[in-house]
Amino acid sequence: RASLPSGRSSVAYVAGIDVAGEDEQSEDAGARQLHPRRDSTVITIAEVEQAAGQTAARIVEHIWWTGRDQVWQYERLVEIWRQWTLSRVCVDASGIGAGLAAFLEARFPDRVDRLVFTAPSKSELAYRMLAMINTGRLSVYTSDGSAEEREFWREIFACRYWLRANETMAWAVPESEGHDDFVTSLALTCRAAERMSPVAAGGLVRSVDDREGGW
């Protein structure tokens, strides 16, 4: 994975942030071992390029925090933002994420997209992400054997979806199989990437049949 921006002037960086809260007793790997069902904050950073009117995103970094308080997360996010010179960030502003999203928006006006999860907004995220996958416009860094990479692919394969009225798509990792923090962060990153430019008409592609399972 890339640890620093590429330095190419034609490349922009965006991020999707799925926010979790504090554990008073433990942090990161320790928190995950003690509380395996606990949500984590996941930051997905993507390199975005425009070609022939299409947006392409390549995931270059995953950052994974568990049990960190909101002040600590905000300070680290400001550092990450400056390191990567992020052009746009989409943040989960539901519940505990609302405060952190508001602080980031105040610090970086016009570059933060605060998203509150509802059935329609979560469905839109899924269709947008699938559209980028199905058209070959979303790629992921070469395997590096990291804990982040392993968890990312575990959640991707565990994620399930189902269609509701008017083809609204619901999706999640079954509770018995863990979390969907990495999947949610990826979906937010796709939204951040495509919101850097107008979305092409007819850009949504329907997913595979329900019976096939997963994504």
Side-chain angles (χ1 to χ4, degrees), residues 14-21 37 39-46 48 53-59 62 64 87-102 104-105 111-140 151-215:
V14 301
I17 306 172
D18 184 37
V19 182
R37 293 183 181 274
D39 287 340
S40 299
T41 292
V42 174
I43 304 149
T44 302
I45 299 174
V48 178
Q54 295 284 311
T55 301
R58 183 175 72 89
I59 307 306
H62 279 125
W64 189 16
S87 297
R88 192 162 188 84
V89 169
C90 187
V91 188
D92 165 21
S94 307
I96 198 166
L100 188 58
L104 286 173
E105 185 176 47
R111 285 189 281 168
V112 172
D113 179 12
R114 292 193 289 168
L115 182 69
V116 175
F117 282 114
T118 62
S121 68
K122 193 169 183 179
S123 176
E124 187 273 340
L125 278 182
Y127 279 116
R128 185 188 299 271
M129 179 169 61
L130 287 170
M132 294 189 72
I133 293 170
N134 292 341
T135 54
R137 295 182 292 116
L138 180 64
S139 59
V140 181
E151 179 64 15
F152 169 72
W153 287 113
R154 191 198 67 76
E155 291 185 16
I156 290 292
F157 286 116
C159 197
R160 300 292 182 268
Y161 77 93
W162 55 99
L163 294 178
R164 293 174 170 166
N166 301 316
E167 295 201 347
T168 298
M169 187 186 299
W171 52 275
V173 170
E175 185 175 349
S176 61
E177 297 182 41
H179 306 289
D180 58 11
D181 308 311
F182 277 84
V183 185
T184 301
S185 180
L186 178 64
L188 293 168
T189 303
C190 291
R191 176 181 167 106
E194 289 217 321
R195 287 211 156 196
M196 290 183 61
S197 62
V199 178
L204 299 182
V205 179
R206 187 171 177 176
S207 63
V208 296
D209 188 89
D210 287 357
R211 292 169 294 182
E212 295 182 31
W215 291 98

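Scope of the values below: all heavy atoms of this structure, side chains included, with no hydrogens, waters or symmetry mates. Keep in mind the model is a prediction, meaning the values are calculated, not measured. Each residue takes its place number in the sequence, starting with 1.
The two residues V19 and I96 come nearest to each other via the heavy atoms O-CG2, 4.2 Å. The two residues A193 and A57 make their nearest non-hydrogen contact at CB-CB, 4.2 Å. I17 and L188 get closest at one heavy-atom pair: O-CD1, 3.3 Å. For I43 against A15, the heavy-atom pair with the smallest separation is CG2-CB, 4.3 Å. Looking at every heavy atom in both residues, C159 comes nearest to V183 through SG-CG1, 4.1 Å. Smallest separation of non-hydrogen atoms from S40 and A20: C-CB, 3.3 Å.
Atom CD in E155 sits 11.0 Å away from atom CD in E177 (nearest 0.5 Å). Rounded to the nearest 0.5 angstrom, E194 CD and R128 CZ are separated by 5.5 Å. The structure places CZ of R88 at 6.5 Å from CZ of R195, a figure rounded to the nearest 0.5 Å.
In this structure the side chain of H179 never reaches within 4.5 angstrom of the side chain of V42, judged on heavy atoms. Residues E167 and Y127 form a side-chain contact, since some pair of their non-hydrogen atoms from C-beta on lies under 4.5 Å apart. The shortest distance between side-chain heavy atoms of V14 and T189 falls below 4.5 Å. You'll find the side chain of L100 stays beyond 4.5 Å of the side chain of V91, heavy atoms only.
By the side-chain contact (heavy atoms from CB on, under 4.5 Å) test, A187 pairs with L125, M129, W171, sequence neighbours left out. In this structure S139 satisfies the side-chain contact (heavy atoms from CB on, under 4.5 Å) test together with R58, sequence neighbours excluded. With sequence neighbours left out, R111 forms a salt bridge (Lys or Arg N to Asp or Glu O under 4.0 Å) with no residue at all. Under the side-chain hydrogen bond (donor to acceptor under 3.5 Å, both in side chains) criterion, S121 pairs with T118, not counting sequence neighbours. By the salt bridge (Lys or Arg N to Asp or Glu O under 4.0 Å) test, R114 is found to be paired with E105, residues two or more places apart in sequence or in another chain being considered. Residues forming a side-chain hydrogen bond (donor to acceptor under 3.5 Å, both in side chains) with S94 (at least two apart in sequence, or on another chain): D92. With sequence neighbours left out, the side-chain hydrogen bond (donor to acceptor under 3.5 Å, both in side chains) criterion links T184 to no other residue. Scanning for ring pair (Phe, Tyr, Trp, His ring centres under 6.0 Å) contacts around F152 gives H62, with sequence neighbours left out.
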CA sep, side-chain torsions, deciding dist, call: V48, T55, side chain to side chain contact (heavy atoms under 4.5 Å, CB included) | CA-CA 7 Å; V48 178; T55 301; 3.6 Å; yes
Test side chain to side chain contact (heavy atoms under 4.5 Å, CB included) on L138 and I59 and set out the steps.
-> CA-CA 8 Å; L138 180 64; I59 307 306; 4.1 Å; yes
I156 and L186: CA distance, side-chain angles, deciding distance, side chain to side chain contact (heavy atoms under 4.5 Å, CB included) verdict | CA-CA 10 Å; I156 290 292; L186 178 64; 4.0 Å; yes
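Side-chain N/O atoms of T168 and S123 include no donor and acceptor closer than 3.5 Å.
When atom types are taken as modelled, the side chain of E151 and the backbone of F182 share no donor-acceptor pair closer than 3.5 angstrom. Looking only at distances, a side-chain donor or acceptor of R160 sits under 3.5 Å from a matching main-chain atom of A158.
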